[in-house]
Asks: 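Structure in structure tokens, see below.
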Amino acid sequence: MSETFTRTAPPVPEPAEPEAYRLLAAWWRANARDLPWRFGRTTPWGILVSEVMSQQTQMSRVVPYWTEWMAVWPDAAALARASSAEVITAWGRLGYPRRALRLQECARRVTQEYDDRLPDDYQSLVDLPGVGDYTASAVLSFAFGRRVAVIDTNIRRVLSRVFLGVESHGGTATPAERKMAQEVLPVGEEESVIWNQAVMEVGALVCLPKAPRCEQCPLRGSCLFLKDGLPGLGQGRTRPRQGFKGTDRQVRGLILAALRGHPAGWVLDRGKVEGLWADQARLGACLASLDDDGLIEILPGGSIRLPI
DNA sequence: ATCCCGAAGC
DNA sequence: GCTTCAGGAT
């Protein structure tokens, strides 16, 4: 029967993307990690919580925190009612604890301004505290099923390699990268969601920054970067990374670690505070910055506690 | 050492 | 655009 249509069917060239999508979707079904917020098992709010926790943090570390967090505070209204001290303690050692306070402030605004229902438009989402371009786009795609080109560091790396044949560079995504991400995004909403998730997952599991496992990659057949011999592999993307040992971030972490997990109103006295770090100038600066961030309260005598 | 499903402040 | 925000895994 194919012969019947050979003459009449115009020779429409098959675009590359539909084939890439088919391969990617099949790979996704077989290899997607079974994260608890995937596959329709949570609410849009649960998706948002997972995205905020995942900012600069590995999935494997996020999963237990997310599970416990959602058990205690299943929706925005519940989180809005918690004390800051409870929230900071529950954030534990996930890192970047300002995210915890922003998430709670976000919960309070969602509760008050949106009747405990996460808004489903980009502008409202990105206006929420702790929600930037990536998180707003991810929520629109993963929670609301909307057709949005999600751009994170993994997706940038994968798409740049496959469709442009080069490493993505550091810094903000360029207009060219955003344009390309839009152009290769499948037209259908459902397909676009799987595409976003699958490209991100390939970036996390296969298309690694320095040692990509190209032989496992569903896109190896159409990857310009692979075809060109992985030119400049691992170059050009990395921002200069700040160290950790001896920095303010380590000291801040020590201070909060000393405060977490105690009964409400528990106070660390001045003497104990001074023993947390030898360099008192740096210690004082970190205490001040934590106070500025609303992560601790400095009491008149120099003792500290988590904020109520 | 580098990376991790970035955001916000400057 | 550049820097600062934790902390763990590899």
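Throughout, a chain's letter reflects where its sequence line sits, starting with A, and its residues are numbered from 1.
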Asks: So does A:Q58 reach the base of C:dG7 with its side chain, donor to acceptor, closer than 3.5 Å?
Replies: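 Looking at the base of C:dG7, it does pair with a donor or acceptor on the side chain of A:Q58 (distance under 3.5 Å).
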
Asks: Expressed in angstrom and rounded to an integer, what is the separation of A:D152 atom CG from B:dA7 atom C1'?
Replies: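 Answer to the nearest Å: 14 Å.
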
Asks: Could you state the atom-to-atom distance from CG of A:L103 to P of C:dC5 in whole Å?
Replies: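 One finds 21 Å between P of C:dC5 and CG of A:L103, rounded.
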
Asks: Below 4.0 angstrom from OP1 or OP2 of B:dA7, is there any side-chain N or O of A:T135?
Replies: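 Yes.
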
Asks: What is the minimum heavy-atom distance between A:G92 and A:R260, and which atoms define it?
Replies: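 Where A:G92 meets A:R260 most closely, the heavy atoms are O-NH1, 2.9 Å.
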
Asks: Determine the interatomic distance between C1' on C:dG1 and the same-named atom on B:dC4; round to the nearest Å.
Replies: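 Each nucleotide's C1' atom is 22 Å from the other's.
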
Asks: Can you tell me the distance, in whole Å, between the CG atom of A:D133 and the P atom of B:dA8?
Replies: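 Distance check: A:D133 CG to B:dA8 P gives 11 Å.
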
Asks: Please give, in whole Å, the distance from C:dG7 P to A:R99 CZ?
Replies: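 Atom CZ in A:R99 sits about 11 Å away from atom P in C:dG7.
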
Asks: Check every strand shown and say whether A:R102 touches a base, only sugar-phosphate, or nothing at a heavy-atom separation below 4.0 Å.
Replies: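 Sugar-phosphate: the residue A:R102, judged by heavy atoms under 4.0 Å, touches backbone atoms but no base.
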
Asks: So if I take every side-chain heavy atom of A:R252 and compare against C:dC5, C:dG1, C:dG7, which nucleotide ends up nearest?
Replies: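 Of all the options, the side chain of A:R252 is nearest to C:dC5.
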
Asks: Contact class for A:D293 (heavy atom, under 4.0 Å): base, sugar-phosphate, or nothing?
Replies: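 Result for A:D293 = nothing.
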
Asks: Between C1' on B:dC4 and OH on A:Y96, what's the gap in Å once rounded to a whole number?
Replies: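 Those two atoms, OH and C1', are 9 Å apart.
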
Asks: How about A:S222 and A:E19: does a side-chain donor come under 3.5 Å of a side-chain acceptor?
Replies: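 The answer is no; no qualifying pair exists.
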
Asks: Indicate, with a heavy-atom threshold strictly under 4.0 Å, whether A:G95 touches base, sugar-phosphate, or nothing.
Replies: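 Answer is base: heavy atoms of A:G95 come under 4.0 Å of a base.
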
Asks: Looking for any heavy atom pair under 4.0 Å, which part of the strands does A:L35 touch: base, sugar-phosphate only, or nothing?
Replies: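 Base contact.
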
Asks: Reckon A:V131 touches a base, only the sugar-phosphate, or nothing at all at heavy-atom distances under 4.0 Å?
Replies: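 The residue A:V131 makes sugar-phosphate contact but no base contact.
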
Asks: Any base atoms under 4.0 Å from A:E51, or only sugar-phosphate, or nothing? Heavy atoms, all strands.
Replies: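 Answer is base: heavy atoms of A:E51 come under 4.0 Å of a base.
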
Asks: Check whether any side-chain N or O of A:R156 sits under 4.0 Å from OP1 or OP2 of B:dG6, and answer yes or no.
Replies: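 No, A:R156 has no side-chain N/O under 4.0 Å of OP1/OP2 on B:dG6.
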
Asks: Take the angle between the ring planes of A:W266 and A:H262 and call it parallel below 30°, perpendicular above 60°, tilted in between.
Replies: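 Geometry flag for A:H262 against A:W266: parallel rings.
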
Asks: Quick check: on DNA chain B, is the nucleotide nearest A:Q55 upstream (toward 5') of the one nearest A:R61, or the reverse? Name the residue that is more 5'.
Replies: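 Residue closer to the 5' terminus by nearest nucleotide: A:R61.
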
Asks: Would you kindly give the CG-to-P distance between A:L101 and B:dG9, to the nearest whole Å?
Replies: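 That distance rounds to 13 Å.
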
Asks: So, is A:Q56 close to the B:dC4 phosphate, meaning a side-chain N or O under 4.0 Å from OP1 or OP2?
Replies: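 For A:Q56, the contact criterion (side-chain N or O under 4.0 Å from OP1 or OP2 of B:dC4) is not met.
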
Asks: Below 4.5 Å, heavy atoms only, C-beta onward: do A:I296 and A:L256 meet side chain to side chain?
Replies: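 Counting from C-beta outward, A:I296 and A:L256 do come under 4.5 Å.
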
Asks: Take atom CG of A:D248 and atom C1' of B:dG9, then tell me their distance rounded to the nearest Å.
Replies: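 That distance rounds to 15 Å.
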
Asks: Would you say A:D121 and A:S124 are linked by a side-chain donor-acceptor pair, where the criterion is simply a distance under 3.5 Å?
Replies: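 Per modelled atom types, A:S124 and A:D121 side chains form a pair under 3.5 Å.
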
Asks: Going by atom types alone, do A:S141 and A:R146 pair a side-chain donor with an acceptor below 3.5 Å?
Replies: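 Their side chains do not contain a donor-acceptor pair, so the 3.5 Å distance test is not met.
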
Asks: Judged by each residue's nearest nucleotide on DNA chain B, which is more toward the 5′ side, A:M59 or A:K210?
Replies: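 Upstream on the strand: A:K210.
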
Asks: Under 4.0 Å: is that the gap between some side-chain N or O of A:R93 and OP1 or OP2 of C:dG8?
Replies: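 Answer yes for this pair, as a side-chain N or O of A:R93 is under 4.0 Å from OP1 or OP2.
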
Asks: Rounded off to whole Å, could you give me the CZ-to-P distance for the A:R157 and B:dC3 pair?
Replies: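 Rounded to the whole Å, the gap is 9 Å.
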
